[in-house]
Participant: 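Sharing a structure here in structure tokens format.
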Amino acid sequence: MSLICSKYLPEINLGKFSNYSKVERIFSNKSNEIDDVYIWGAANSTHFLCNEKITSISEIAIHNNKILVLTNKEANYLLNFSIKNNVEILVFENLFPFFNDIKYVSMEKNFDILLKKIIYLKKKNIPLKKISTVYSNLYLHKVERKIRNKSILDQAFRLYPLSGYQEVFKLKETRKNRTILCLDFNSMYPSVLDQSFFDPKYLEYKKVNKKVNSLDDIENGLHHVILYKCKNDYFKEYNYFQYINKKIKQSYTIEDEPIEILLFNDEIKFIFDFFEEIFIIDSIISHKSIKHPLCKEANSLYNQRLSFKKDNNITLASLTKLKLTLLHSCTNQKKFKRLNVKDKCHIQQLIVSHYDIPIEESEFFMEYFVKKGIIKFKKNNKGYDVDILDTTSAYNVLSLSAHVIAKSKVKLMETIMSFLSFQNLEICYVNIDCIHLSIESNDIDFFLNKFKHVIGDKLGQLKIENIATQGYWLDIGRYWLYSNNNLIEHKNILFNTPYLLDPYRKFRKFRKITKFEGFHYISEHNINLLNCLNMKKKIIKMDDHIKLCRFNQKTLTSIVNYKENLITNLKNNYPTYKGLIDEIFD
DNA sequence: AGATGCCAACCACGCAATTT
DNA sequence: AAATTGCGTGGTTGGCATCT
């Protein structure tokens, strides 16, 4: 028995793609230049302003249309009206999330700002459409122009998880003699685009069934491998593998049980020395290596970003940052296929046939996919319209996206491993392209000198974001950093937005539209910080610092143990977390 | 020789008119 | 009322010209 670490699957099976040999052209929507037409408006809690007229919200006479408002707050005021009159409310700050000066002031002021922003966009030649869609399509078009075709084997790459490495290793670090360094990679994903990728046109399935003897044995491609006996203690503890089960998604400390996983050639090369044996079952290999089609684009965008920063043009600098993030994600856009079925049990059959799920689990996955937005359905007079995520879509080049993620994880992991060899260094927090670590204060200069080759302004180098003396990391995207008792940086996702910067919010209300069988209704929810926290790791408590420890590999495989452990663990952890919140929020 | 831009034929799909 | 057919639209596809 081996521990399967991949997207949730009963088994990893590349074999079923063995006779996928056709090539198809990649599709791309060349975005037309015509702007979407909306009504521009603004609102406060009672009234609505558009066309120089103010009407009470309950009396707005607009139906089946689109209204563009500046802020989410206004959209919230118009929520009831929008459902009643079938009006879609578009929010400027969501469509163009690169302005740093948008906030709710008043109805009249907001309307003015909205007009000014629209004029600004026109001046900069930015189309009045959701910015991420516009540039995703543009970049995908560029990819298509360069490589034109892909093998339909490309769809096998959907089995590779696209999630990044995110984890908290320390809850609290307030030791007097220590300093916390917060490092960020400059554009992590774009920075790996200059490495060697492979042309999605020339993919081939290959049965291997051989162990890897040397680095030369590893062909370019995605490999289904079994890893035996980890020899590297750092990797045992800090690996980025995740065990994903129906109910579990968790990192773990590697023990002796073999691990079954999908890895790119880059990853196997990186971990080759860490394991006693690596056995390849089968692979999807490629015959031609290329640079990433958007490599040049990445470099020029990065240089643009630097020069905007130098000019102190914050808006355009953050627009360029947004564009940079779209470079790798444009090849994994979500495309849906619409199908019609007579009744609900046919939807389950669709899930079974589209996602290779055993029939007996279709009920579970129906719920799971609805929650994740992979499948949506609407009742109509004939039955159901089903929108199902199309993993075979010619709008995707999944092999490129997956490869970018894989290379980034290797790069991050390499950096972490090299840091770990530094004396008394502890990793506190890792989030995709960001590392927080703690070292002894006396060692700072030595550290900066030792790693000066990876620290700098260039694409892919590390930037020092903050230097702190105390830190609390309650969860991914939830941390507070202090320098001599002054808060210098914090993040608290959901509770804070860029425009709502109270660092100490524990409660929040939000409204949710629930769509059910054609009905729409609004429900209000309260969320509480303490209940949002993921407390799945073990706590090792010391006076002025608290470590978080991973579960062992064995605990995960036995469901009974896992559940028991999880419950006792939660019970143990709860008071500590509660105490910490009080400590931070006092 | 490959990358890129552009064009026109082609095809699928949705809507509406027409038939059963 | 349901099914079939026709039509228009817009996106897909393959080819060709031009550029580097």
Side-chain angles (χ1 to χ4, degrees), chain A residues 20-38 63-66 86 88 125 127-130 132-155 158 190 193-204 220 286-301 303-304 323 326-328 330-343 346-347 350 353-354 375-401 403-404 518:
Chain A
Y20 282 43
S21 53
K22 267 204 275 180
V23 168
E24 64 182 355
R25 184 151 167 184
I26 299 162
F27 299 160
S28 59
N29 272 329
K30 213 174 154 191
S31 57
N32 51 11
E33 296 301 313
I34 307 154
D35 293 350
D36 276 358
V37 183
Y38 332 115
H63 299 269
N64 311 319
N65 214 324
K66 290 179 182 178
N86 190 27
E88 194 181 343
N125 241 342
L128 201 51
K129 275 187 185 169
K130 192 173 184 193
S132 54
T133 318
V134 171
Y135 284 102
S136 275
N137 287 338
L138 178 74
Y139 295 139
L140 183 60
H141 184 68
K142 286 193 183 208
V143 171
E144 188 271 341
R145 290 321 313 180
K146 285 229 166 82
I147 55 182
R148 297 224 92 177
N149 302 300
K150 66 165 188 180
S151 159
I152 56 169
L153 247 177
D154 180 76
Q155 55 181 275
R158 72 157 193 266
L193 299 190
D194 67 339
Q195 298 180 23
S196 155
F197 286 79
F198 39 79
D199 194 329
K201 192 174 171 183
Y202 308 99
L203 300 176
E204 190 184 289
N220 287 335
S286 88
H287 301 298
K288 194 186 160 203
S289 63
I290 51 167
K291 267 197 170 182
H292 193 285
L294 296 170
C295 175
K296 273 190 200 154
E297 196 72 35
N299 279 313
S300 84
L301 280 174
N303 290 332
Q304 268 181 43
K323 286 186 187 175
L326 294 172
L327 288 182
H328 96 277
C330 71
T331 46
N332 61 27
Q333 298 181 40
K334 282 187 174 168
K335 288 285 169 187
F336 288 87
K337 234 190 319 206
R338 168 154 300 185
L339 302 159
N340 302 298
V341 295
K342 287 251 163 57
D343 59 64
H346 292 301
I347 304 180
L350 283 182
S353 60
H354 276 73
I375 186 166
K376 295 172 217 162
F377 51 88
K378 238 195 324 203
K379 206 169 181 173
N380 62 18
N381 44 2
K382 282 188 197 156
Y384 291 90
D385 282 336
V386 184
D387 286 332
I388 186 161
L389 187 69
D390 184 7
T391 53
T392 65
S393 162
Y395 283 97
N396 285 333
V397 195
L398 297 178
S399 57
L400 282 179
S401 283
H403 208 169
V404 172

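Chain A is the first sequence line, chain B the second, and so forth, proteins listed ahead of strands; every chain is numbered from 1.
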Participant: Do Asn220(A) and Ser286(A) pair up side chain to side chain, a donor and an acceptor below 3.5 Å, judged on atom types alone?
Facilitator: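 There is no such pair (donor and acceptor under 3.5 Å, judged by atom type) between the side chains of Asn220(A) and Ser286(A).
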
Participant: Starting at atom NZ of Lys288(A), determine the distance to atom P of dG2(B), rounded to an integer number of angstrom.
Facilitator: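 Going from Lys288(A) (NZ) to dG2(B) (P), I get 8 Å.
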
Participant: Does some side-chain heavy atom of Lys150(A) sit less than 4.5 Å from a side-chain heavy atom of Val23(A)?
Facilitator: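 No, too far: nothing below the 4.5 Å cut-off.
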
Participant: How long is the line joining CD1 of Ile147(A) and P of dG2(B), in whole Å?
Facilitator: 15 Å

Participant: Using whole Å, what does the distance between atom P of nucleotide dG5(B) and atom NZ of Lys146(A) come to?
Facilitator: 9 Å

Participant: Between P on dA1(B) and CG on Asp199(A), what's the gap in Å once rounded to a whole number?
Facilitator: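 From Asp199(A) CG to dA1(B) P: 18 Å.
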
Participant: Nearest whole angstrom, please: distance from the P of dT4(B) to the CG of Leu294(A).
Facilitator: 10 Å

Participant: Tell me the interatomic distance from Lys142(A), atom NZ, to dA3(B), atom P, rounded to whole angstroms.
Facilitator: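 The answer, rounded to whole Å, is 15 Å.
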
Participant: If you define the side chain from C-beta out and look only at heavy atoms, does anything of Ile147(A) sit under 4.5 Å from Leu400(A)?
Facilitator: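 Sidechains of Leu400(A) and Ile147(A): in contact.
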
Participant: Should the pair Lys288(A) and Tyr202(A) be classed as cation-pi, given the thresholds of under 6.0 Å to the six-membered ring centre and 45° from the axis?
Facilitator: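 The answer is no; the distance or angle limit is not met.
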
Participant: What's the CD-C1' distance between Glu144(A) and dT4(B), to the nearest Å?
Facilitator: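 Interatomic distance, CD of Glu144(A) to C1' of dT4(B): 10 Å.
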
Participant: Evaluate whether atom NZ of Lys335(A) has more than 12 neighbouring non-hydrogen atoms of other residues, nucleotides or ligands under 6.0 angstrom away.
Facilitator: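 More than 12 within 6.0 Å, yes.
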
Participant: In whole Å, what is the span from the CD atom of Glu297(A) to the C1' atom of dA3(B)?
Facilitator: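 To the nearest whole Å, that distance equals 15 Å.
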
Participant: Name the pairs: protein N/O against N/O of nucleotides 14-20 of chain C, kept only if under 3.5 Å.
Facilitator:
| from | atom 1 | to | atom 2 | distance (Å) |
| --- | --- | --- | --- | --- |
| dG14(C) | N7 | Arg25(A) | NH1 | 2.4 |

Participant: Do the side chain of Asn149(A) and the main chain of Ile26(A) share a donor and acceptor less than 3.5 angstrom apart?
Facilitator: no

